[in-house]
Amino acid sequence: MNITLIALLQTLATLAAPLDERDLLITALSQDSDIKLMQTARIEDSLSLKVIESGWLPSISLSAGTSLQNSAEEKSLPHTDTPKSSKGVLESGVSVTQNIPGGGMLSGEIQGAVTNDLTSTSTSHGSSFTLSYMHSLLRDGWKNAPLEYTLRISKIDNSILSLEQRKMLASRLSQIRSLFWNLYEQKSLLEVYQNELAQAEMHLKTEQARFRIGEAAALDTLSAALGLMSAQQSILDAQIGIDGTTNELALALMMDPDSLQINDSADLSIPDLPDPSTMLSLVEQYDPSLRIFDHVAERIDVQKDKNKNALLPRFDIGASVTHNRLGNKTLSDDFSSNNAVISCVLTYAFPLRPARIENQQLKLAQHKNDIRETKYREELKKQLRNLQYSWKQEKQRLSIAEKSCELARLQLATAQKSYDLGTIDQLTLLDARNKLVSSESGRIKSSIRMKHLQVIFDELTGTIFHRFGLQEK
């Protein structure tokens with residue numbers, strides 16, 4: 001049995017086992033299509049950044065060529081033959097260019113040529129070595145050099161994309177957690193309704209037996225049958241909800257719905273929320289959106305610096321040294337010369353209207369970013385207040401629902417004994433059973449609502465990753 005088959009069997013065994021909340025999230029990280037697209041987009045962006053960073057690597061180019069030159073000298077005397085000459089030239093060269101931080105460029109070049117005089121069968125060798133350096137001091141200089149500016153913008157964009165995907169990842173995992181708890185709720189309710197159905201069936205059989213011996217009226221039998229149909233309807237509704245949620249969850253996990261099973265003994269305990277100030281601090285430390293606003297402001301500042309720099313004159317200084325050789329043999333010094341050049345070039349382009357408009361657009365973009373951040377912070381505070389309020393309210397409902405379940409069980413047990421003794425009628429017994437079903441379903445729904453609130457809290461604070469030991473990449 002090969003390794004691939006073993007890994008496949010292990011995966012199938014994992015998927016066949018009941019999954020808890022953490023198992024679903026781990027499976028989603030590797031199977032969910034939306035998460036896969038996010039991961040692919042992040043890889044693409046990282047590769048694009050590496051392409052730009054490769055601009056710091058030296059650039060090497062090679063050249064080679066050959067040519068045939070024919071020439072004729074003009075003579076002043078008529079009717080004389082004009083001597084002709086033919087030369088074959090073989091040229092080759094290599095150049096290396098290196099960008100220097102701050103707007104500089106260092107380059108070196110070696111050129112060589114071999115000339116064969118086909119007329120006199122003589123050969124000459126020529127070569128030149130050039131080393132030059134150019135640096136921009138004002139416009140396009142220092143941190144506003146084209147490569148460095150592009151890198152700064154790209155790194156900021158890469159950080160923004162990472163934060164956006166981090167937020168999207170937390171949101172997607174929270175959606176899967178919500179589906180898990182919805183499915184858990186529907187399965188728990190189904191269990192309650194199945195117990196109700198079993199009691200309804202037993203009660204119907206009892207009433208039919210009593211009716212046959214004349215201890216119960218036809219109305220009692222019809223009432224018991226109606227209770228049975230009501231329980232069957234509740235089970236059908238719960239099963240429809242289970243099928244729909246299972247299909248949605250299986251689609252996210254790329255699984256067969258028939259093989260998706262969740263752990264029915266999930267932990268329903270819920271820790272208390274921190275106080276409002278602590279919760280706000282946790283959210284501000286984690287929330288990717290708040291950091292995105294900072295990066296957008298940073299990007300605008302970089303663009304503003306670049307636009308201001310574009311209004312300056314361009315002042316380039318440069319120096320180059322060239323050594324030429326010419327001789328009958330390779331690298332011979334029959335004739336050589338050295339040439340050194342120092343240059344300073346000042347150019348200025350008068351700013352046009354589009355440049356001033358771009359500056360105004362950047363100021364407006366900065367103002368919009370500030371407004372959006374302020375609005376987002378206010379909405380965030382409101383969301384946290386609502387979360388705190390809903391948490392307190394739901395916790396009180398859950399406490400009442402748990403006490404109601406205890407009382408409803410006692411009431412049903414007492415009603416059943418009284419009914420067996422004949423001291424109460426069937427309607428009172430059915431009412432006690434309905435109250436127990438209502439109390440148990442209310443307790444389950446309240447517990448799941450608390451879980452949904454916990455999902456929201458974990459998403460806002462980033463606790464979802466730490467709670468389940470997940471990496472944010």
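Side chains included, hydrogens not; waters and symmetry mates left out as well; all remaining heavy atoms used.
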Using side chain to side chain contact (heavy atoms under 4.5 Å, CB included) as the criterion, list what pairs up with [X], not counting sequence neighbours.
{"X": "Asp45", "answer": "Asn158, Leu161"}
{"X": "Leu179", "answer": "Thr245, Glu248, Leu249"}
{"X": "Ile400", "answer": "Ser404"}
{"X": "Trp56", "answer": "Asn99, Pro101, Leu147, Glu148, Leu151"}

Any non-hydrogen side-chain atom of [X] less than 4.5 Å from a side-chain atom of [Y]?
{"X": "Thr97", "Y": "Pro58", "result": "no"}
{"X": "Leu290", "Y": "Arg377", "result": "yes"}
{"X": "Tyr149", "Y": "Asn309", "result": "no"}
{"X": "Lys187", "Y": "Glu191", "result": "no"}
{"X": "Gln303", "Y": "Ile153", "result": "yes"}
{"X": "Ile464", "Y": "Arg177", "result": "yes"}
{"X": "Leu19", "Y": "Phe180", "result": "no"}

What closest approach, in Å, do Ala250 and Leu260 show between heavy atoms, and which atom pair accounts for it?
-> N-CD2, 3.8 Å
Here the pair of heavy atoms bringing Trp142 nearest to Leu137 is NE1-O, 3.1 Å
Sub-3.5 Å donor-acceptor pair from the side chain of [X] to the main-chain atoms of [Y], do we have one?
{"X": "Asn369", "Y": "Phe293", "value": "yes"}
{"X": "Ser46", "Y": "Arg42", "value": "yes"}
{"X": "Ser446", "Y": "Arg443", "value": "no"}
{"X": "Ser390", "Y": "Asn386", "value": "yes"}
{"X": "Gln165", "Y": "Met38", "value": "yes"}
{"X": "His135", "Y": "Gly102", "value": "yes"}
{"X": "Gln388", "Y": "Pro274", "value": "yes"}
{"X": "Ser171", "Y": "Met168", "value": "no"}
{"X": "Trp391", "Y": "Leu453", "value": "no"}
{"X": "Ser136", "Y": "Gly141", "value": "no"}

Under the side-chain hydrogen bond (donor to acceptor under 3.5 Å, both in side chains) test, residues paired with [X] that sit two or more places apart:
{"X": "Thr322", "value": "Thr130"}
{"X": "Asp237", "value": "Gln233"}
{"X": "Glu164", "value": "none"}

Can you list the steps and then say if Gln111 with Glu109 is a side chain to side chain donor-acceptor pair (under 3.5 Å)?
-> CA-CA 7 Å; Gln111 294 285 343; Glu109 184 179 19; 2.7 Å; yes
What residues form a ring pair (Phe, Tyr, Trp, His ring centres under 6.0 Å) with Phe468, not counting sequence neighbours?
-> none
For Tyr184, enumerate each residue passing the ring pair (Phe, Tyr, Trp, His ring centres under 6.0 Å) test, keeping only those at least two apart in sequence or located in another chain.
-> Trp181
SB check [X] [Y] (cutoff 4.0 Å):
{"X": "Glu185", "Y": "Lys445", "answer": "no"}
{"X": "Lys306", "Y": "Asp301", "answer": "no"}
{"X": "Asp34", "Y": "Lys36", "answer": "no"}

Provide the full list of salt bridge (charged side-chain N to carboxylate O under 4.0 Å, His left out) pairs with a residue in residues 382-396, sequence neighbours left out, each pair given once.
-> Asp272-Lys395, Glu394-Arg397, Glu394-Arg449
Of Leu24, Ile26, Leu25, which meets side-chain contact (heavy atoms from CB on, under 4.5 Å) against Arg22?
-> Ile26
Spacing of Thr246 atom OG1 and Gln239 atom CD [to the nearest 0.5 Å] | 8.0 Å
Residues, nucleotides or ligands: over 12 heavy atoms within 6.0 Å of Leu57 CG = yes
Arg291, CZ atom: more than 12 neighbouring heavy atoms under 6.0 Å | no
For Arg152, what residues pass the salt bridge (Lys or Arg N to Asp or Glu O under 4.0 Å) criterion, not counting sequence neighbours?
-> none
Could you note down all residue pairs passing ring pair (Phe, Tyr, Trp, His ring centres under 6.0 Å) where residues 253-284 supplies at least one of them, sequence neighbours left out?
-> none
